[in-house]
Amino acid sequence: MIPVGSFQGMKSLNKSAILNVVRQYAPISRSKIAKLTKLTPPTVTNLVGELIESHLVVESTLGESTGGRKPILLRINSSAFYVIGVYAGAKRVKAVTANLDGHVVKQVEMKYSNNQTSEQFLLTLETAVEKVMQSTHPIQESFLGIGVGMHGLVDPEQGLSLFAPHLNLRHIPIKAALEKRFKLPVEVENDVRAQTLAESWFGRGAGIPNFICVHVGTGVGAGIIIDNKLYRGTSFTAGEIGHTTIDSNGPRCSCGNYGCLETMVGGAALARRAGQAIRCGKESIIEEWVAGDLDKINGEMLYRAAQRDDQVAIEVLADTGRYLGIGLANLINTLNPALIILSGGVSRSEDFILKPLLKTLEKRTLTKPADAVTITISELGENSFAIGAFTLLLIKLFTPAGLGDVVQIF
């Protein structure tokens with residue numbers, strides 16, 4: 001990295017600033033860029049020339065004249081390069097490629113082998129990346145880098161997976177391994193924090209300086225944006241709301257505590273409560289679907305059963321909404337966000353979860369923060385984690401260093 005204080009460093013920051021303005025406002029003229037960035041017109045002209053030479057920016061159409069020659073408008077040359085996003089989840093790896101506009105071009109999905117080692121895990125990542133690159137473009141120079149959204153605890157500065165609980169693996173050198181294999185820059189982040197960056201660039205969090213993304217799936221986690229910047233915490237564990245206590249007399253959690261939010265609203269919790277209700281004699285279509293093997297119940301079944309007016313499924317989902325409401329009330333009272341975005345399997349059952357969730361918030365949140373917050377559902381879809389992963393690369397490309405992770409400066 002070039003020192004920010006040097007002339008070359010400032011030149012690089014100015015290039016990033018120009019790139020980001022072109023990304024946000026294209027098609028845009030050089031004079032408009034100068035006004036927005038507060039750079040001098042000659043500086044903008046010189047740096048735009050370098051960006052055009054590097055194929056990151058292209059001249060497109062002519063703008064409206066204000067009395068003189070019509071200005072030539074600029075846009076990002078989005079199809080010239082690609083970024084790679086990898087989601088390393090609890091059960092599978094998904095790798096996607098995208099252009100510089102963030103549009104997904106190709107994707108590859110692979111499952112892990114059983115009881116795999118760190119070496120086998122890294123090989124799965126490398127294979128997925130190689131396959132998606134080969135299906136996208138034959139020339140490696142067309143790729144700018146690889147972003148990885150990894151479940152569990154992550155050190156983003158060193159690119160390490162500190163602990164992947166669902167794989168029971170520790171200290172996996174993801175960044176070092178992928179950079180050695182592909183000779184490309186690699187960024188690594190926790191999956192939900194990466195997803196939160198995707199929401200800030202391409203989703204419902206765009207333009208909002210303070211918001212939280214809460215993902216409810218196999219586990220429960222949150223990504224927190226404060227003043228347009230991703231908050232990671234002192235040891236990179238900020239957002240682990242799945243391990244906040246909701247009921248101290250509740251079920252034992254994998255972390256060793258009792259009654260964590262994850263034990264009340266995670267996928268396994270829903271299946272457990274549905275199975276308990278059926279064992280206690282309540283009738284449900286789900287019992288027929290699993291042929292009496294209640295260990296096969298999953299969240300998708302509960303959603304489909306609830307749509308058929310199955311009372312066991314409806315009650316389980318309503319309880320889930322109430323428990324999740326308690327967890328969100330704690331976040332709202334503590335952090336006072338403008339927006340909370342829900343994602344994951346549970347969010348697909350919003351018709352059955354959202355109403356009891358909102359009623360719980362009414363009872364448990366302070367009036368001021370409650371009035372200020374909006375609860376909504378993510379629209380990024382099944383690729384949200386992979387989108388977040390390649391957003392890590394776009395941030396490096398478009399964000400002037402030192403101005404934060406989420407750029408809303410112009």
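Heads up: numbering here begins at 1 and tracks the sequence.
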Check: So S31 and S29, side-chain hydrogen bond (donor to acceptor under 3.5 Å, both in side chains) or not? Walk me through it.
Finding: CA-CA 5 Å; S31 62; S29 67; 3.1 Å; yes

Item checked: D310 vs S284, side-chain hydrogen bond (donor to acceptor under 3.5 Å, both in side chains): CA-CA, chis, key distance, verdict -> CA-CA 6 Å; D310 184 280; S284 171; 3.0 Å; yes

Item checked: Derivation of the side-chain contact (heavy atoms from CB on, under 4.5 Å) call for V154 and L162 -> CA-CA 5 Å; V154 170; L162 298 175; 6.0 Å; no

Checklist line | E50 bridged to K15 by N-O distance under 4.0 Å | finding: yes

Notebook entry, point to check: Given R30, which of I18, L47, V44 fulfils the side chain to side chain contact (heavy atoms under 4.5 Å, CB included) condition?
Noted result: V44

Next item on the list: Step by step, work out the side-chain hydrogen bond (donor to acceptor under 3.5 Å, both in side chains) result for R170 and S161.
Entry: CA-CA 7 Å; R170 296 176 185 270; S161 168; over 6 Å; no

Note to self: Testing L100, L394, L184 one by one against L144 for a side chain to side chain contact (heavy atoms under 4.5 Å, CB included), which residue passes?
What the structure shows: L100

Notebook entry, point to check: Hey, is the main chain of G152 close enough, under 3.5 Å, to the side chain of N190 for a donor-acceptor pair?
Noted result: yes

Notebook entry, point to check: Which atoms form the tightest heavy-atom contact between N115 and Q120, and what is the distance?
Noted result: O-OE1, 4.2 Å

Notebook entry, point to check: Between I172 and S118, which heavy-atom pair has the shortest distance, and what is it?
Noted result: CG1-OG, 3.8 Å

Next item on the list: Tell me, with the steps shown, if S343 and S378 meet side-chain hydrogen bond (donor to acceptor under 3.5 Å, both in side chains).
Entry: CA-CA 5 Å; S343 69; S378 174; 5.6 Å; no

Next item on the list: Just say parallel, tilted or perpendicular for the rings of W201 and F398, cut-offs at 30° and 60°.
Entry: tilted

Check: Under 3.5 Å, is there a donor-acceptor pair between the side chain of N333 and the main chain of R364?
Finding: yes

Note to self: Any carboxylate oxygen within less than 4.0 angstrom of a Lys/Arg side-chain nitrogen, looking at E179 and K175?
What the structure shows: yes

Check: Taking the six-membered ring for Trp, are F143 and H137 parallel (under 30°), tilted (30 to 60°) or perpendicular (over 60°)?
Finding: perpendicular

Check: If every non-hydrogen atom of I212 is compared with every non-hydrogen atom of A222, which pair is closest and at what distance?
Finding: CG2-CB, 4.0 Å

Next item on the list: Name the orientation class of the two ring planes belonging to F121 and Y112 (parallel below 30°, tilted from 30 to 60°, perpendicular beyond 60°).
Entry: tilted

Checklist line | NZ/NE/NH1/NH2 to OD/OE distance under 4.0 Å, E315 and K282 | finding: yes

